[in-house]
Amino acid sequence: MTDWPQLHHAYGTAEDIPGLLDAVSPGANDSGWTALWSRLCHQGTVYSASHAALPALRDLARQWSPADRQMPLLLAGAIAASTDQPYGEQDTHAVYASEMSDLAHLAEEALQDPSLGDDPGTYVYLLAALISFEGVDVWGERLDELNEGEYEVPCPSCSTENFIAFGEYGCFSTTDSMYMNGTTAKKLPLQPADAFALEGLAQRLHSRALADGQNDVAHKLTYVFGKAQCAECEEVFSVAEAITARSDA
């Protein structure tokens, strides 16, 4: 049995977590999810109670249909991906190996829900959760930025912050954080990867998105795994490597 009062979350002892888990429903609008997120994964930070909640989140996802299990999967995925652990380093994937395996299977089923065809945002969140359960470094935390159509990364040559945009405002790199306001700042076109030349995780994610009918997601991935040109020094660099370097810093 989990001794919840001896564990901690963002606001103190975790004695309230069992009640919140017992009362929560599948709906994303259930205020219980807000309470659980704020306690167990507060701005990306996790606590001793966060890891202890993984079996219960797995059980919730297991008892609900693939279309209804999104919320426990997303919270569990965020906990699994987090590297911000103020209560001590813990190899979550080693300690909770069985739960990680179960959660990955449950996420696979959820990703096959036909309704996601009209909801690419949730699809990306679930895909990020899946690779978090599988222990993929960096991208479990950073993949969901696809939904924002922007990554902010430092140029590996001059360290200038570049905004890599690939959404409604176009596909370019710029140093102007207010580019969406129609400024005349310098914008340099991105160089998307050749989909047929993708390898490793990039190839897997791209192929998966296409197979799942998420063509827009697949298209965005070619920019994330392509190249950009620094809008300051004009050095050409790998976007994915810059994202990884920032996360490893």
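For the numbers below, each heavy atom of this structure counts, side chains included, while hydrogens, waters and symmetry mates do not.
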Q.
Using the salt bridge (charged side-chain N to carboxylate O under 4.0 Å, His left out) criterion, which residues pair with R62? Sequence neighbours excluded.
A.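 In terms of salt bridge (charged side-chain N to carboxylate O under 4.0 Å, His left out), with neighbours along the sequence ignored, R62 is linked to D59, D102.
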Q. What residues, two or more places apart in sequence or in another chain, satisfy salt bridge (charged side-chain N to carboxylate O under 4.0 Å, His left out) together with D119?
A.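 So D119 forms no salt bridge (charged side-chain N to carboxylate O under 4.0 Å, His left out) with any residue.
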Q: Any pair with a residue in residues 163-182 that passes salt bridge (Lys or Arg N to Asp or Glu O under 4.0 Å), sequence neighbours left out, goes on the list, sorted by first then second residue, please.
A: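 Sorted pair list comes back empty.
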Taking every non-hydrogen atom, the tightest pair across [X] and [Y]:
X    : Y    : answer
W33  : G27  : CD1-O, 3.2 Å
V46  : C41  : CG1-SG, 4.2 Å
D144 : V124 : CA-CG1, 3.8 Å
L57  : P72  : O-CB, 3.6 Å
T83  : E141 : OG1-OE1, 3.8 Å
A209 : V217 : CB-CG1, 4.1 Å

Within the structure provided, determine whether [X] and [Y] are in side-chain contact (heavy-atom separation under 4.5 Å).
X    : Y    : value
D212 : L127 : no
C171 : P192 : no
E145 : E152 : no
W4   : T13  : no
Q43  : D84  : no
C155 : C233 : yes
Y47  : H42  : yes
Y169 : T174 : no

**Q.** Test log, rule side-chain contact (heavy atoms from CB on, under 4.5 Å), inputs S157 and C230
**A.** CA-CA 9 Å; S157 180; C230 175; over 6 Å; no
Q.
I'd like to know whether CG of N181 has more than 12 heavy-atom contacts from other residues, nucleotides or ligands below 6.0 angstrom.
A.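 Yes, CG of N181 has more than 12 neighbouring heavy atoms, counting only those of other groups under 6.0 Å.
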Q) If you count the non-hydrogen atoms of other residues, nucleotides and ligands that lie under 6.0 Å from NE2 in H93, is the total more than 12? A)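 Yes, enclosed.
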Q: For residues 217-241, pull every pair meeting side chain to side chain donor-acceptor pair (under 3.5 Å), keeping only residues two or more places apart or in separate chains.
A: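 For residues 217-241: K186-E234.
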Treating Ile, Leu, Val, Met, Phe, Trp and Tyr as nodes and any side-chain heavy-atom pair under 4.5 angstrom as an edge, say whether [X] and [Y] lie in one connected cluster.
X    : Y    : result
W37  : I79  : yes
Y179 : L190 : no
F225 : V136 : yes
V153 : F163 : no
L111 : L210 : no

I'd like to know if the side chain of [X] reaches the main chain of [Y], judged simply by a donor and an acceptor atom lying under 3.5 Å from each other, with no hydrogens or angles considered.
X    : Y    : value
S82  : G44  : yes
Q214 : L116 : yes
S48  : H8   : yes

Q | Co-members of the apolar cluster containing Y11 [side chain, <4.5 Å] | A |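 For Y11, no cluster forms, as it stays isolated from other hydrophobic side chains.
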Q | Worked check of side-chain contact (heavy atoms from CB on, under 4.5 Å) between I17 and L36 | A | CA-CA 7 Å; I17 295 299; L36 285 166; 4.2 Å; yes
Q: Show your reasoning for whether side chain to side chain donor-acceptor pair (under 3.5 Å) applies to S115 and D113.
A: CA-CA 6 Å; S115 69; D113 175 18; 2.5 Å; yes
Q: Any pair with a residue in residues 107-135 that passes ring pair (Phe, Tyr, Trp, His ring centres under 6.0 Å), sequence neighbours left out, goes on the list, sorted by first then second residue, please.
A: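 Those involving residues 107-135 do not exist here.
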